[in-house]
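Taking it in order: structure first as structure tokens, then the write-up.
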Amino acid sequence: MPNFNFEKSKRLLNAQSFQSVFENTDLKVSNSNFLLLAHQNKLKHARLGMIVAKKNIRLSVGRNRIKRVIRSSFRLNQQNLAALDIIFLVRKGMNKLSFKDQSKSISLGLDQLKNKT
RNA sequence: AGAGUUGGUUGGGCAACCGCCGCUGUUUUUUCUUGAUAUUUCCCUAGGUGAUAUCAGGUUAUCAGGGGAGGAAAGUCCGGGCUCCAUAGGGCAGAGUGCCAGGUAACACCUGGGAGGCGCGAGUCUACGGAAAGUGCAGCAGAAAAUAUACCGCCGAUGGUCAAUAAUUUUGAUACAGGUAAGGGUGAAAUGGUGCGGUAAGAGCGCACCGCGCAACUGGCAACAGCUUGUGGCAUUGUAAACCCCGCUCGGAGCAAGACCAAAUAGGAAUCCUUUGGCGCGGCCCGCGUCGGAUUCGGGUAGGUUGCUUGAGGCCCGUGGUGACACGUGCCCUAGAGGAAUGGUUGCUCAAGACAGAACCCGGCUUAUAGACUGACUCUAAAU
RNA sequence: GCACCCGUAGCUCAGCUGGAUAGAGUACUCGGCUUCGAACCGAGCGGUCGAAGGUUCGAAUCCUUCCGGGUGCG
């Protein structure tokens with residue numbers, strides 16, 4: 001039975017964990033819509049952090065929508081990922097894509113991340 | 001039927017699966033933990049402390065049930081509640097507000113009414129107190145811009161000069177003194193309007209009507225109104241979203257408020273007392289805290305818990321009121337996160353889904369908004 | 001959460017307080033100077049004064065509401 005849960009232990013919760021990923025970036029996946037940074041952690045599962053700037057996506061409805069799409073893609077793909085701390089930086093124009101294109105490109109990025117490990 | 005005015009309701013629906021956050025219940029005992037009781041260890045007693053067992057509860061986990069963004073959640077433009085500062089008090093300053101009456105916890109909001117503007121009308125808009133308390137400003141143009149004056153013009157009766165005449169009278173000329181504000185032109189604005197009389201020409205100079213001011217009367221709680229009466233010949237332009245005056249209102253900070261539990265670290269913290277001085281509470285007065293002395297032993301950052309959703313709450317009915325609204329009976333509980341939850345996938349369906357995401361909570365205002373449903377009213381045309 | 005500032009010519013700003021011509025520098029164009037160019041001198045071009053309402057005879061300026069950009073405190 002695959003585990004699709006997304007509990008608090010699978011998120012990056014404070015500034016220190018974000019900072020450690022920024023300072024010790026092991027892997028990078030770039031795209032016109034987003035940038036992925038990853039760092040090896042000592043846990044047995046991956047953790048996710050998201051940064052959606054107000055500057056890039058003006059309306060809070062759009063920001064919330066993008067975060068939900070990213071979260072659900074992470075949730076469905078987490079079995080395939082190694083023990084990484086991943087930060088998801090969203091760039092301008094992400095909100096102009098449709099739901100399907102967004103989730104497709106996100107899972108593509110996660111696949112690339114998996115291949116690099 | 002067309003054109004329009006003005007309110008109200010709603011803001012995709014259904015099903016399945018995978019997820020997130022509270023709540024309720026169940027089971028389990030593993031971890032942690034609180035309280036009570038019993039037994040027991042240590043300390044001289046009071047009492048405190050440690051261990052074990054039982055019961056009750058919390059927490060974590062499993063499963064089940066049920067709930068989970070808005071009409072604007074937005075802008076932060078007003079008004080409150082709540083919390084702390086002193087039970088938030090007095091004066092000045094400052095800020096706001098401004099037809100009248102009512103509603104409200106309060107308001108700059110709402111309701112009803114008045115006045116004025118716009119519209120054929122239904123309706124709609126209005127910061128709508130005071131310009132005889134004072135000060136300021138009013139470019140250019142125009143003669144003159146707030147004092148009353150005179151550019152063109154009109155007159156020149158009266159007085160002057162000149163001419164005619166026998167004449168000091170009379171007639172004519174001149175435009176010198178002077179009179180005038182009718183007309184012209186300028187301007188956003190020029191000192192009531194029309195008519196008649198009057199005059200040298202004119203003029204509220206006189207009269208009639210209209211307008212205006214004041215007073216009375218009548219109606220209205222009032223603002224205000226009156227084709228009611230008297231009176232004043234009419235003098236006092238505009239601007240107060242210029243200073244200002246008058247009436248009314250306003251203490252400050254904000255949930256990162258505040259309260260509780262409390263690692264590390266530093267050694268201080270609390271209570272009482274007294275005079276002066278400095279600092280903070282927007283400025284001043286008052287007051288409070290701090291620097292000094294005495295007494296006592298707890299205080300508190302990170303972090304955590306709480307504040308946190310039952311409230312000026314909603315719905316139905318009844319009563320009072322033109323209405324906003326108030327009162328009463330009954331029923332209902334309807335997000336509470338904390339790097340921040342409402343999503344995704346699939347299928348069906350229709351009109352193919354606009355604007356847009358709670359962060360302490362309410363009442364308004366303003367702004368954004370695809371559509372759908374619906375009440376009342378007006379105008380035009382036709383028919384009856 | 002609270003407090004506050006700024007939008008004027010292609011660019012950088014003044015003029016707003018205290019109302020009556022929209023201005024300066026730079027850029028651009030033309031002419032002069034020079035053998036030519038730069039510099040310099042002279043002239044010109046260029047503005048819905050962020051938007052919409054209101055007050056006023058008259059609004060870049062005063063008032064209100066929006067739009068965009070930015071700052072500070074905790």
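Quantities reported herein were computed from a predicted structural model and do not represent experimental measurements. Chain letters run A, B, ... following the sequence lines, proteins first, then strands; residues in each count from 1. Below, each value reflects all heavy atoms present in this structure, side chains not excepted, and no hydrogens, waters or symmetry copies.
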Counting only Watson-Crick or G-U wobble pairs whose two distances fall under 3.5 Å, which nucleotide matches [N]?
| N | result |
| --- | --- |
| C288(B) | G280(B) |
| G300(B) | none |
| A188(B) | none |
| G7(B) | U374(B) |
| A341(B) | none |
| G50(B) | U40(B) |
| A257(B) | none |
| C11(C) | G25(C) |

Answer syn or anti for [N], where the cut-off is 90° from 0 on the glycosidic torsion.
| N | answer |
| --- | --- |
| A201(B) | anti |
| G71(B) | syn |
| U378(B) | anti |
| U34(C) | anti |
| G22(B) | syn |

Just so I know, are the side chains of Lys28(A) and Leu37(A) near enough to count as touching, which here means a heavy-atom distance under 4.5 Å?
yes
Hey, does Ile51(A) have a side-chain heavy atom less than 4.5 Å from the side chain of Phe88(A)?
no
Ile51(A) vs Ser72(A), nearer the 5' end of RNA chain B by closest nucleotide:
Ile51(A)
Rounded to the nearest 0.5 Å, how far does CD1 of Ile86(A) lie from CZ of Phe74(A)?
5.5 Å
Which whole number of Å gives the distance between the [atom1] atom of [N] and that of [M]?
| N | M | atom1 | value |
| --- | --- | --- | --- |
| U199(B) | C154(B) | C1' | 13 Å |
| G75(B) | G68(C) | P | 11 Å |
| G46(C) | G10(C) | C1' | 9 Å |
| U54(B) | G307(B) | C1' | 38 Å |
| A22(C) | U61(C) | P | 15 Å |
| G238(B) | A60(C) | C1' | 25 Å |
| G134(B) | U104(B) | P | 44 Å |
| U6(B) | C125(B) | P | 8 Å |

In this structure, how many angstroms lie between the [atom2] atom of [N] and the [atom1] atom of [X], rounded?
| X | N | atom1 | atom2 | value |
| --- | --- | --- | --- | --- |
| Ile66(A) | G343(B) | CD1 | C1' | 14 Å |
| Ile87(A) | G339(B) | CD1 | P | 16 Å |
| Arg71(A) | G339(B) | CZ | P | 12 Å |
| Met50(A) | A340(B) | CE | P | 6 Å |
| Arg63(A) | U342(B) | CZ | C1' | 17 Å |

Can you tabulate the close N/O pairs, meaning under 3.5 Å, that link protein atoms to atoms of nucleotides 355-358 of chain B?
| unit_1 | atom_1 | unit_2 | atom_2 | d |
| --- | --- | --- | --- | --- |
| G357(B) | OP2 | Ser60(A) | OG | 3.4 |
| G357(B) | O5' | Ser60(A) | OG | 3.3 |
| G357(B) | N7 | Asn64(A) | ND2 | 3.2 |
| G357(B) | O6 | Arg68(A) | NH1 | 3.0 |

Heavy atoms of Arg71(A) and Leu48(A) approach each other most closely as CA-CD2, 4.4 Å
